[in-house]
There are 2 protein chains.
Amino acid sequence: MAHEEGSLNDIRAILGNDIAIKAYREGKLPFPEGSIIARVAWSYVPSQENNKTFGRPQSFVAGPPTNGVQFMVKDSKKYAATGGWGFGHFNDGKPADQAVLQSCFPCHQAITSRDLVFTRYSP
Amino acid sequence: MAHEEGSLNDIRAILGNDIAIKAYREGKLPFPEGSIIARVAWSYVPSQENNKTFGRPQSFVAGPPTNGVQFMVKDSKKYAATGGWGFGHFNDGKPADQAVLQSCFPCHQAITSRDLVFTRYSP
């Protein structure tokens with residue numbers, strides 16, 4: 001889970017298939033073939049209701065979904081050109097165009113020390 | 001999911017058993033007998049790593065677990081004195097003492113319009 005500031009301005013959850021979660025839990029790097037990591041996100045909005053109830057700024061909650069749904073799929077051969085990861089992005093269930101997808105790897109490659117995965121595991 | 005400010009200062013997820021999630025999705029109130037809602041939380045910490053990578057304040061992430069694990073269990077007869085909900089709080093797997101539990105209902109009863117449940121469902 002995380003809150004992203006700036007133009008993203010969301011609250012998000014990172015999900016993994018069994019292969020990815022097992023690797024996360026064991027701290028295994030690089031992630032094994034077949035790992036899939038997904039990111040879902042909602043607008044980050046103050047809860048006027050909670051703030052009123054508690055009489056102070058108290059809560060930011062999940063509003064409507066935003067920023068699409070993203071995937072990383074580990075296949076070292078198929079995606080050799082982008083560090084072994086295939087990147088996916090869907091808006092309203094439709095795949096984003098190539099220009100969007102080409103924006104993934106340049107940022108993720110900054111985190112080569114953890115196999116291009118920003119999110120750390122929190123037990 | 002939510003971020004709570006002030007003394008809580010956490011990022012949290014709200015989970016439900018099948019009965020509770022079904023009621024959430026259908027917008028059904030009050031929650032049916034047998035509904036169980038759980039709250040887990042982690043410390044809300046800035047990601048120095050991400051901020052450095054992007055060159056700006058960018059991410060708040062989940063640090064170590066904090067604020068225990070909480071439950072609400074719907075049993076209108078057993079918990080008639082507290083709006084039909086039993087409240088539970090565990091720190092490191094151990095149940096909190098009675099004084100902590102008695103602090104739950106006074107706040108939750110502020111939200112009678114939604115059967116004492118603060119969290120709204122975000123699709």
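The structure displayed is predicted, hence computed values, not measured ones. Per chain, numbering begins at 1; letters A, B, ... match sequence-line order.
Options B:P65, B:C107, B:A2, B:P57 differ in how many heavy-atom pairs under 4.5 Å they form with chain A, and the most are formed by B:A2. Chain B forms more heavy-atom pairs under 4.5 Å with one residue of A:R120, A:Q58, A:R12 than with any other, namely A:Q58. When A:S47, A:G6, A:A13, A:A110 are compared by the number of non-hydrogen pairs under 4.5 Å with chain B, A:A13 comes out ahead.
A:V117 and A:I36 fall into different hydrophobic clusters, where Ile, Leu, Val, Met, Phe, Trp and Tyr residues are linked whenever their side-chain heavy atoms come under 4.5 Å apart, directly or through other members. Residues A:F31 and A:F71 do not share a hydrophobic cluster, defined by chaining ILVMFWY side chains whose heavy atoms lie under 4.5 Å apart.
The side chain to side chain contact (heavy atoms under 4.5 Å, CB included) test with A:N67 is passed by exactly one of A:D10, A:N91, A:V40: A:D10.
Only the backbone of B:P123 comes within contact range of chain A, with heavy atoms under 4.5 Å apart. In this structure, the portion of B:Y44 lying under 4.5 Å from any heavy atom of chain A is its side chain and not its backbone. Only the side chain of B:T53 comes within contact range of chain A, with at least one heavy atom under 4.5 Å from a heavy atom of that chain. Of the two parts of A:F54, only the side chain, counted from C-beta on, holds a non-hydrogen atom closer than 4.5 Å to a non-hydrogen atom of chain B.
Using a cut-off of 4.0 Å between Lys/Arg side-chain N and Asp/Glu carboxylate O, B:R39 and B:E4 are scored as not salt-bridged.
Atom CG of B:D92 has 12 or fewer heavy atoms from other residues, nucleotides or ligands within 6.0 Å. When the shell of 6.0 Å around CG of A:D18 is examined, it contains 12 or fewer heavy atoms from other residues, nucleotides or ligands.
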